[in-house]
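Take a look at the structure set out below.
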Amino acid sequence: EMLRGKLTEQMKVQLIGSGKKAPFPYESADFTDAVTHSVWYMADVASCFAMRDMLEAHPYFSGYVIQVAAGNQAGQGAAAKPPVERAIKEARDQKKSGSITLSCGKLMTGVTIREWGAIFMLRSLKSPESYFQSAFRVQSPWSYRQPDGSLDVQKETVYVFEFDPNRALGLVAEYGMKLATVGDDMTPQQ
C-alpha cells in the first residue's frame with residue numbers, strides 16, 4: 001500500500017512528520033510512465049513467487065501482468081527475455097495497467113528490456129557492480145527513427161526506487177573509491 005501512497009496513520013507520522021508527503025511510485029502522476037513496465041529486484045526465487053501471489057491477489061496490482069523471471073523454469077540468460085516481452089505485449093493487448101517483472105538476478109546483466117522504466121531495489125546487494133548493473137537495466141534507450149529522420153523517444157526518464165538510502169550511498173562511495181584507484185596495486189590517488 002505504501003507504493004501507492006496509502007499510508008497508515010503511524011506511517012504518516014514516521015515518514016511525513018510535519019512536512020509534505022513525498023510522492024510514491026504508484027500514486028504520483030510523475031511516475032506513471034516509468035512504472036507502467038517495471039522490474040522488481042527481489043532477494044530469492046521464493047520471494048519472487050510469494051510477491052507474485054500477493055500482487056495478483058491485490059485489488060490494484062492485479063491490474064498488472066505479473067511475470068516471474070526467476071528459477072529454472074524462467075530460462076537461462078537471454079532465454080528469460082521472451083516471456084517478459086510476452087507479458088508486456090499481453091499488458092498492452094489487454095489494456096492492463098502495465099507489467100511487473102519479478103527477478104532475483106535473471107535479466108540483470110547483459111539483457112535489455114527497453115520498456116522497463118523503473119527498477120525497485122527490494123534486495124540487499126553488497127556489490128556496487130551488481131547494484132549499478134541492475135540499475136542500468138532500466139536505463140537502456142527506447143526510441144524509433146521516423147521516416148523523416150526525426151527521433152521518437154519513447155522513454156525519457158527512468159527511476160531507481162531504493163528503499164535503503166544508506167545502502168545506496170555506501171555503494172556509491174565504494175564504487176567511487178574503486179574508480180579513484182590507479183595501477184594494479186589499487187593504491188588510492190592522492
Side-chain angles (χ1 to χ4, degrees), residues 3 25-26 28-45 47-49 51-52 55-56 61 63-164 167-168 171-172 174-176 178-179:
L3 294 175
Y26 288 92
S28 174
D30 293 340
F31 302 128
T32 300
D33 290 341
V35 299
T36 299
H37 301 290
S38 63
V39 59
W40 295 18
Y41 199 3
M42 309 294 295
D44 54 41
V45 174
S47 65
C48 289
F49 283 98
M51 182 64 79
R52 179 203 60 197
L55 293 173
E56 288 177 347
F61 288 105
Y64 286 79
V65 175
I66 311 300
Q67 176 64 40
V68 175
N72 293 333
Q73 67 275 20
Q76 298 297 321
K81 186 177 176 180
V84 173
E85 291 170 331
R86 284 192 296 275
I88 291 168
K89 182 178 182 332
E90 177 185 338
R92 283 195 187 119
D93 293 349
Q94 294 182 8
K95 301 198 180 344
K96 295 276 200 164
S97 299
S99 70
I100 297 171
T101 302
L102 304 171
S103 174
C104 57
K106 286 190 192 295
L107 305 173
M108 293 295 109
T109 57
V111 177
T112 298
I113 306 292
R114 62 185 184 177
E115 291 87 353
W116 284 346
I119 184 168
F120 290 75
M121 294 293 193
L122 301 172
R123 72 177 293 166
S124 182
L125 290 169
K126 304 285 188 240
S127 160
E129 292 81 8
S130 295
Y131 184 89
F132 291 111
Q133 185 66 236
S134 301
F136 291 148
R137 294 302 94 211
V138 300
Q139 201 174 23
S140 59
W142 181 21
S143 59
Y144 298 101
R145 182 74 56 193
Q146 297 296 338
D148 68 0
S150 64
L151 194 61
D152 183 9
V153 177
Q154 300 290 308
K155 179 171 67 173
E156 295 206 18
T157 305
V158 297
Y159 293 94
V160 174
F161 292 101
E162 172 59 74
F163 298 93
D164 183 354
R167 173 183 59 215
L171 291 171
V172 168
E174 184 179 338
Y175 195 65
K178 288 181 179 180
L179 290 176

Can you see which heavy atom on V39 is nearest to which on V138, and at what distance? CG1-CG1, 4.1 Å

Contacts of D30 that satisfy side chain to side chain contact (heavy atoms under 4.5 Å, CB included) - sequence neighbours left out: S28

Side chain to side chain contact (heavy atoms under 4.5 Å, CB included) partners of A70, counting only residues at least two apart: V45, C48, V68, C104

Go through the steps for T36 and D33 under the test side chain to side chain donor-acceptor pair (under 3.5 Å), then give the verdict. CA-CA 5 Å; T36 299; D33 290 341; 4.9 Å; no

Point-to-point distance, once rounded to the nearest 0.5 Å, from [atom1] of [X] to [atom2] of [Y]:
| X | Y | atom1 | atom2 | value |
| --- | --- | --- | --- | --- |
| T157 | F31 | OG1 | CZ | 10.5 Å |
| R123 | S134 | CZ | OG | 8.0 Å |
| L122 | L102 | CG | CG | 9.0 Å |
| I66 | R52 | CD1 | CZ | 10.0 Å |

Indicate every side-chain donor-acceptor pair of residues 77-99 with a distance under 3.5 Å to a residue at least two apart or in another chain.
from : atom 1 : to   : atom 2 : distance (Å)
K81  : NZ     : T112 : O      : 3.0
K89  : NZ     : D93  : OD2    : 2.5
S99  : OG     : H37  : ND1    : 2.8

With a 4.5 Å cut-off on side-chain heavy atoms, are [Y] and [X] touching?
| X | Y | result |
| --- | --- | --- |
| S38 | F161 | no |
| Q76 | K106 | yes |
| R137 | L107 | no |
| V35 | Y159 | no |
| L125 | Y41 | yes |

For the residue pair Y64 and Y26, categorise the inter-ring angle as parallel (less than 30°), tilted (30 to 60°) or perpendicular (more than 60°). perpendicular

